[in-house]
Amino acid sequence: MKNLTEQEREKKFQERIDRGEIIEPKDWMPERYRSQLIRMMSQHAHSEIVGMLPEGNWITRAPSLKRKAVLLAKVQDEGGHGLYIYSGTETLNISREELVGEFLSGKAKYSSIFNYPTLTWADIGAIGWLVDGAAIVNQTALAKCSYGPYARAMVRICKEENFHHKQGYEILATLMKGTEGQKAMAQDAVNRWWWPSLMMFGPSDKDSPNSAELMRWKVKRFSNDDLRQRFIDRTVPQADNIGIKIPDPMLKFNETTSHYEYGPINWEEFYNVIKGNGICNRERMKARRAAHTDGRWVREAAEAYAKKQTAKGIEA
Ligand code: 3HC
């Protein structure tokens with residue numbers, strides 16, 4: 001690629017993408033490709049870490065030791081996913097401090113879904129079934145994205161998401177076999193989490209400023225609306241199986257297209273939440289900033305230990 005103009009380099013890069021080649025950290029890439037990946041991957045990582053908060057709220061309130069142990073494992077997994085994706089983002093020549101700094105300053109986004117409260121135990125079921133179910137659809141596609149470290153991170157994450165999804169669905173299935181009160185609690189949770197879960201896939205394609213470029217570079221393999229539709233098509237039959245009603249009076253199966261048609265999404269709510277005006281935005285950011293401050297001594301101790309090991313010539 002030596003002595004080529006920027007334009008010729010970009011043309012060769014696009015030819016690599018079009019051939020389905022995987023881009024690795026040491027490969028030449030357009031600056032825009034790099035910055036788009038940093039944006040998308042870091043927001044994904046921020047979301048995983050913030051996503052621990054709504055569920056963490058129920059670890060001490062879980063209805064049994066078994067449920068507590070499962071939820072604890074899930075929340076720990078999410079923390080691991082965040083660290084995994086942060087590490088993948090660092091291969092794009094940006095530091096963890098910069099990434100976390102952008103998040104704590106409010107410059108970087110995290111998924112809107114985590115700005116909703118978890119009001120009852122059934123919410124933990126709805127999150128596992130719907131939120132992790134949506135994540136599986138999104139992340140399975142990302143496992144085929146053109147950037148190697150991101151795609152490979154998704155392989156392990158998707159395996160763990162499947163456990164998250166199943167345990168959430170099993171919580172709701174159990175409640176739907178319970179008392180009238182438990183059934184009502186499960187239905188109420190799904191009523192509150194269904195539409196925000198559809199918003200996880202991003203704005204409709206016509207309003208998505210990043211999609212065209214990300215799809216040209218095969219970072220996104222499918223559009224926001226395509227993945228949303230895929231999630232709806234697989235989730236509605238699961239709701240039917242356990243007697244949960246999807247809170248969308250316009251939902252209907254179209255025999256010709258073999259897809260579910262669905263009602264309008266409240267995009268005003270979506271943009272309001274990502275602007276910071278969701279029910280829990282302030283609470284989530286306050287908790288993350290406090291955790292960062294409280295965790296300073298851990299970071300300093302780890303750095304001091306790593307420096308000492310390096311001084312001794314030992315790989316820390
Ligand atoms: N929440 C917050 N912001 C959102 C959003 C959402 N649900 N959907 C879109 N946005 C933002 C985008 O970040 C973009 O803003 P920016 O340019 O300032 O970053 C703007 O809205 C326009 O959206 P686009 O469709 O143009 O943006 P993208 O092409 O980046 O698509 C996306 C959005 C589908 C979320 C894509 O970024 C993506 O697939 N990201 C990776 C997956 C991810 O981040 N998932 C978040 C949930 S994490 C999770 O599910 C954890 C699991 O364990 C539960």
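Counting starts at 1 for both ligands and their atoms, following the listed order. Residue indices begin at 1 and follow the sequence shown. Since the model is a prediction, treat every value here as computed from it, not as a measurement.
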Inset, instruction - Any atoms of ligand 1 less than 4.0 Å from a non-hydrogen atom of Tyr110? List them with their elements. - result: 1 (N), 2 (C)
Legend entry - Tyr150 heavy atom under 4.0 Å from ligand 1: yes
Legend entry - Heavy-atom side-chain contact between Arg284 and Pro54 under 4.5 Å: yes
Legend entry - Check ion pair Lys307-Glu303 (N to O, under 4.0 angstrom): no
Legend entry - Residue, atom name and distance, where the atom is the protein heavy atom closest to atom 1 (N) of ligand 1: Ser112 N, 2.8 Å
Legend entry - Ionic contact status for Glu24 with Arg152, cut-off 4.0 Å: yes
Inset, instruction - Please name the pair of heavy atoms, one in Ala189 and one in Asp123, separated by the smallest distance, quoted to 0.1 Å. - result: CB-OD1, 3.7 Å
Inset, instruction - If the plane angle is over 60° it's perpendicular, under 30° parallel, otherwise tilted; pick one for Phe270 and Trp267. - result: perpendicular
Legend entry - Atom indices of ligand 1, in the order listed, that fall short of 4.0 Å to a heavy atom of Ala135: 50 (O), 52 (C)
Legend entry - Close side-chain approach of Ile23 and Tyr33, heavy atoms under 4.5 Å: yes
Inset, instruction - List the steps, then state whether ring-ring contact (aromatic ring centres under 6.0 Å, His included) holds for Tyr86 with His46. - result: CA-CA 8 Å; Tyr86 276 133; His46 303 328; 5.5 Å; yes
Legend entry - Contacting atoms of ligand 1, where contact means under 4.0 angstrom from a heavy atom of Ile274: 1 (N), 2 (C), 3 (N), 21 (O)
Legend entry - Atom indices of ligand 1 within 4.0 angstrom of Phe201 heavy atoms, with elements: 34 (C)
Legend entry - Atoms of ligand 1 close to Met200 [distance to a heavy atom under 4.0 angstrom, numbered from 1]: 7 (N), 35 (C), 50 (O)
Inset, instruction - Give yes if a backbone or side-chain nitrogen or oxygen of Gln139 is under 3.5 Å from a nitrogen or oxygen of ligand 1, and no if not. - result: no
Inset, instruction - Would you check the N or O atoms of Asn210, main chain and side chain alike, for any that come under 3.5 Å of an N or O of ligand 1? - result: yes
Inset, instruction - Using a strict 4.0 Å threshold on nitrogen-to-oxygen distance, state whether Glu300 and Arg296 make a salt bridge. - result: yes
Legend entry - For Glu78, the ligand 1 atoms whose distance to one of its heavy atoms is below 4.0 Å: 53 (O)
Inset, instruction - Please indicate, with yes or no, if any protein heavy atom is found under 4.0 Å from atom 32 (C) of ligand 1? - result: no
Legend entry - Electrostatic pair Glu6:Lys11 at N-O distance under 4.0 angstrom: no
Legend entry - ligand 1 contact by Leu142, heavy-atom criterion under 4.0 angstrom: yes
Inset, instruction - For ligand 1, note which part of Leu214 has a heavy atom under 4.0 Å away: side chain, backbone, both or neither. - result: side chain
Inset, instruction - Name the option, out of Met40, Met41, Lys220, that contains the heavy atom nearest to atom 28 (P) of ligand 1. - result: Lys220
Inset, instruction - Just jot down the ligand 1 atoms closer than 4.0 angstrom to any heavy atom of Gly202, in number order. - result: 8 (N), 9 (C)
Inset, instruction - Tell me which part of Asn138 gets within contact of ligand 1: side chain, backbone, both or neither, using heavy atoms under 4.0 Å. - result: side chain
Inset, instruction - Check Val273 against ligand 1 and report side chain, backbone, both or neither, counting heavy atoms closer than 4.0 Å. - result: neither
Legend entry - Under 4.0 Å to a heavy atom of Ser208 - the qualifying atoms of ligand 1, by number: 24 (P), 25 (O), 26 (O)
Legend entry - Basic-acidic side-chain contact under 4.0 Å: Arg156, Glu160: yes
Inset, instruction - Could you walk me through whether Asp225 and Arg228 pass the salt bridge (charged side-chain N to carboxylate O under 4.0 Å, His left out) test, one step at a time? - result: CA-CA 5 Å; Asp225 288 332; Arg228 198 179 347 259; 2.8 Å; yes
Legend entry - Heavy atom of Gly51, distance to ligand 1 below 4.0 Å: no
Inset, instruction - Describe, in one word, how the ring planes of Phe231 and Phe201 are oriented to each other, choosing from parallel (under 30°), tilted (30 to 60°) and perpendicular (over 60°). - result: tilted
Inset, instruction - Indicate, as side chain, backbone, both or neither, the part of Glu161 found under 4.0 angstrom from ligand 1 when only non-hydrogen atoms are considered. - result: side chain
Inset, instruction - Give the residue, atom name and distance (to 0.1 Å) of the protein heavy atom nearest atom 22 (C) of ligand 1. - result: Pro209 CD, 3.7 Å
